[in-house]
Amino acid sequence: MEILTVKDLSFTYKNAGAPALSDVSFSVSEGEFVTLCGPTGCGKSTLLRLIKKELTPGGELSGELLYKGEPVKGLPGRISAEQIGCVVQRPEEQIVCDRVSGELFFGAESLGYPRDKAYRRAAEVSSFFGFNDVFDKKTPELSGGQKQLLALASVLVTSPSLILLDEPTSRLDPVAAADFISMLARINRQLGTTVIIAEHNTSLLLEHTDKLIFLEDGRITACGTPRGVLETKPSHKVLSDMPAPVRMFFESGKTGECPLTVKEGRKIFDGTTAAQYRNTSFGEKEVLSLKNVYFRHKRDGKDVLKGLDMTVYEGEVRFVFGGNGCGKTTLLRCAAGLAKHYSGDVRVFDKKISAYKNGELYENKVSMLYQDATCVFTHETVGGEFKGVDISCLPYDISGLLDRHPYDVSGGELQMAALCRVLSTGPRLVFLDEPTKAMDAAAKRIFVNTVLKLKENGVSFVISCHDTELAAECADTCSMMFDGKLICTCKTEDFLRENRFYTTDKCRMTGGKLI
C-alpha cells in the first residue's frame, strides 16, 4: 500500500524567481527506506517540509501530495502530529525540554495520552535507545550524538507510520553517525516504519535503501533501487553524492556489479589499488601556541580542556577529530579568544592572547566560523553582511542569496555564505567548526581549492570536522582529541592509514596502502 503519493508537485517560495520544486512525481510504499540526495539547494529540505504540513513554507503550491490517499494539507492536526514524525538537522531546534525524560514524555502528553500510556511509551523507547542511564539527565549536557538520537526517540514515542529526516548525521562524528543510521535501519526493519531521509553522506545508507531519489534543480533526475540507478553509468552529479566504493568503481572503469559498501568494495580493490595522499608542506613560524591550557564552563564544573598543548605553523592546515562532546569547539573558541581559559598559555602570532585589546585580534588576523553558522549573520538579509565587499572575489557565488533572510536558505547555502563572510575579513589564522556540513560535493571541492589557495599565501587553518575525506583532500596534519587533550598529531596520511574509524572508505578498501 502506498503511504505517500507525490504527483506533478511544484512549489515556489514567495518572491522567489524560480521554483524550488518542479513536476516532482514518485510514490513510497509502507515500510520502504527512501534516501533523498542531490546538490545543495536542489529542493530536498523543501520536499520534506511540504510532507510535514506544520512545517510547510509560504509560497505557491501545485500538484498532488497525498498521505495514505488523503491530501497532506487537509490532514487533521492530530494525524499529522502523531503519524508523520520529523527529525531536523539541528536537534537543538527540536528539543524543547530540559531533561531527557521530559522530552520523551512531551509528544505523548501533548497529544493527550493518559499518563500511564505516555509513561509506558517513554519507558519502552528509552530502553530501545539505551537511554535508561541518562533518563533524568539534563538535555544540554548530552553529546551531539545523544541529542540527535533523543530527537529521533521523542518522535518515535507516538509510533509514527512515517519518519522524515533532514541531514541528521551532518554534525555527528563517524562513530555516532554509524550508530544513528544503524538505529534508524533497525526501526525501519523491526517496526516497519517508513523512512525518508535527505543526506549528502550516503556511505552508510545505500545498503539499507529501498528507493534512491536524486534531485537536481528541483526535478527528479534518477529514481529507483540503488543498483537500478547505477546499472548504467550515472551522471557526474549523481556520482558525486555516491559513497567511495561507487565512485571508485566507475572511475576505475571496472565492470560487473557495482559495490555499494566497503565490504563489497574490498573484494574488488583490496590488494589492487592504493590510496593517494597529497604532498604536504608548511612554514616553520609559529602562528598559534597553546601550552598546558585548562578550561571549564563553570567555576565548580568539570574541566573541558585538561592541560591541552597545540602548536600550529604558518601555512598549516590542521584538522582536529574526536567524538561529539570531547572539547573540539571549546578548543577553537579558546584559541580564537572567544572563551577564556583559566590556566595555561595561549599565544597568537607570538603574542599573548590577553594582550590583544579592542578587537585588534580580529582585524585581518583571526576569524572563526561557528558550528552554528547563523551566528555569523546579524542583518535581516544575507547581503547585509557584505556591504562594501566585492562579492565576485568570494569563493562561492552567493549573488542569488543576497536578498534572502539567513533562515530562508538551505543549510548548505547558509554554510557557503557564512564561510564567505568569515574569509572576507582577510584573516591570517582561520578557525572553522564543521565548515562543510550540509554542503554537496561540488561545494566541498570549492572549499578544498579555497583552503589550498589561501594556504599557499601563508594563511593557517584549524578545522574541527568529522569529514575524513575532506581532510584527505586538504589537511597537512590531523589531531585526535580525547578527554580534553590532543592525544596524537601526525601527518594526514599516517593518521588515516593507522585509524579504523576516523579514516576514509578508500583507506578501508585498500588497507591504507600508499603509492
Side-chain angles (χ1 to χ4, degrees), residues 2-7 9 21-48 50-51 65 87 89 162-170 177-178 180-182 184-189 192-251 256-265 410 412 438-442 444 469 505:
E2 289 185 0
I3 191 172
L4 187 70
T5 305
V6 183
K7 186 176 181 181
L9 185 70
L21 296 171
S22 299
D23 300 320
V24 171
S25 298
F26 67 95
S27 63
V28 178
S29 299
E30 286 194 28
E32 275 194 313
F33 194 112
V34 179
T35 297
L36 285 175
C37 54
T40 296
C42 69
K44 301 186 297 297
S45 297
T46 299
L47 178 58
L48 293 182
L50 291 174
I51 298 171
L65 180 56
V87 178
Q89 186 178 131
L162 171 64
I163 298 179
L164 312 171
L165 304 101
D166 192 4
E167 300 277 357
T169 69
S170 64
F180 184 89
I181 296 301
S182 294
L184 189 62
R186 184 182 171 194
I187 291 168
N188 171 253
R189 184 176 62 251
T193 306
T194 306
V195 173
I196 303 179
I197 179 172
E199 265 286 0
H200 286 300
N201 180 13
T202 58
S203 62
L204 298 170
L205 291 172
L206 290 195
E207 62 182 306
H208 307 298
T209 298
D210 299 307
K211 182 173 292 180
L212 181 68
I213 299 176
F214 193 85
L215 284 167
E216 292 182 57
D217 298 323
R219 297 178 182 273
I220 293 179
T221 57
C223 181
T225 65
R227 292 199 189 279
V229 169
L230 299 171
E231 274 181 357
T232 57
K233 186 173 181 179
S235 68
H236 173 74
K237 285 189 176 181
V238 172
L239 271 181
S240 67
D241 254 20
M242 293 298 103
V246 175
R247 298 197 308 271
M248 287 178 64
F249 178 81
F250 284 102
E251 289 167 0
E257 189 171 77
C258 175
L260 301 182
T261 65
V262 168
K263 180 180 179 180
E264 294 174 355
S410 73
M439 282 189 187
D440 60 25
K444 287 184 179 180
E469 288 198 10
D505 282 350

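For the single chain, residues carry numbers from 1 onward in sequence order.
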Considering non-hydrogen atoms only, spot the tightest contact between Pro234 and Val229 and give its length.
CB-O, 4.4 Å
Considering residues, nucleotides and ligands other than Asp210, do more than 12 of their heavy atoms fall under 6.0 Å from its CG?
yes
For Ala198 and Leu48, work out which heavy atoms get closest and say how close.
CB-CD1, 3.8 Å
Going by heavy atoms in the side chains, are Leu165 and Val195 under 4.5 Å from each other?
yes
Minimum heavy-atom distance Pro39-His200, with the two atoms named:
C-CE1, 4.0 Å
By the definition side-chain contact (heavy atoms from CB on, under 4.5 Å), identify the one residue from Val6, Val28, Leu4, Leu9 that meets it with Ile51.
Leu4
Quick one about Glu32 and Thr194 (side-chain donor to acceptor, distance below 3.5 Å, no hydrogens or angles considered), yes or no?
no
List the steps, then state whether side-chain contact (heavy atoms from CB on, under 4.5 Å) holds for Thr261 with Asp505.
CA-CA 9 Å; Thr261 65; Asp505 282 350; over 6 Å; no
I need the Asp440 CG to Ser240 OG distance, nearest 0.5 Å.
6.5 Å
Counting N and O atoms only, with roles assigned by atom type, does the side chain of Asn188 sit under 3.5 Å from a partner on the main chain of Thr193, one being a donor and the other an acceptor?
yes
May I ask you to test the Ile196-Ile163 pair for a side-chain heavy-atom distance under 4.5 Å?
no
Just wondering, do Ile220 and Phe214 contact through their side chains at under 4.5 Å, heavy atoms?
no
For a 4.5 angstrom cut-off between non-hydrogen side-chain atoms, does Val34 reach Phe26?
no
Once salt bridge (charged side-chain N to carboxylate O under 4.0 Å, His left out) is applied, do any residues pair with Arg219, and if so which ones, sequence neighbours excluded?
Asp23
Between the side chain of Lys211 and the main-chain N/O of Ser27, is any donor-acceptor distance below 3.5 Å?
yes
Could you walk me through whether Lys263 and Glu207 pass side-chain contact (heavy atoms from CB on, under 4.5 Å), step by step?
CA-CA 11 Å; Lys263 180 180 179 180; Glu207 62 182 306; over 6 Å; no
Check step by step if side-chain contact (heavy atoms from CB on, under 4.5 Å) holds for Ile197 and Leu36.
CA-CA 6 Å; Ile197 179 172; Leu36 285 175; over 6 Å; no
So Cys37 and Leu212, do their side chains get closer than 4.5 Å, heavy atoms only?
yes
At what distance, to the nearest 0.5 angstrom, does CG of Leu184 lie from CG of Leu205?
8.0 Å
Could you state the interatomic distance from CD (Glu231) to OG1 (Thr225), rounded to the nearest 0.5 Å?
6.5 Å
State whether the side chain of Ser235 and the backbone N or O of Val238 hold a donor-acceptor pair below 3.5 Å, judged by distance alone.
yes
The reported gap from OG in Ser29 to CD in Glu2 (rounded to nearest 0.5 angstrom) is 6.0 Å
So, using side chain to side chain contact (heavy atoms under 4.5 Å, CB included) as the criterion, who are the partners of Ala438 when residues are at least two apart?
Gln89
Where is the tightest heavy-atom contact between Pro226 and Thr209, given as atom of each residue plus distance?
CD-O, 3.5 Å
What is the distance from atom CG of Leu260 to atom CZ of Phe249, rounded to the nearest 0.5 Å?
10.0 Å
Within-4.5 Å side-chain heavy-atom neighbours: Leu164 and Val87:
no
Checking Ser22 now: which residues fulfil side-chain hydrogen bond (donor to acceptor under 3.5 Å, both in side chains) with it, not counting sequence neighbours?
none
Evaluate the side-chain contact (heavy atoms from CB on, under 4.5 Å) criterion for residues Leu206 and Met242: first the C-alpha distance (whole Å), next the side-chain angles of each, then the deciding distance (0.1 Å), finally the verdict.
CA-CA 9 Å; Leu206 290 195; Met242 293 298 103; 4.2 Å; yes
Report the C-alpha separation of Thr221 and Glu216 in whole Å, then their side-chain angles, then the decisive distance to 0.1 Å, and conclude whether the side chain to side chain donor-acceptor pair (under 3.5 Å) test is met.
CA-CA 7 Å; Thr221 57; Glu216 292 182 57; 3.0 Å; yes
Might you point out which heavy atoms bring Pro259 and Gly265 nearest each other, and give the distance in Å?
CB-N, 3.7 Å
First locate atom OG1 of Thr35, then atom CD1 of Ile213, and finally report the distance between them rounded to the nearest 0.5 Å.
9.0 Å
One pair to check against salt bridge (charged side-chain N to carboxylate O under 4.0 Å, His left out): Arg227 and Glu264. What are the steps and the verdict?
CA-CA 13 Å; Arg227 292 199 189 279; Glu264 294 174 355; 3.0 Å; yes
Is a side-chain donor-acceptor pair under 3.5 Å present for Ser45 with Asp166?
yes
Scan side-chain atoms only and decide if Thr169 and Glu199 contain a donor-acceptor pair under the 3.5 Å cut-off.
yes
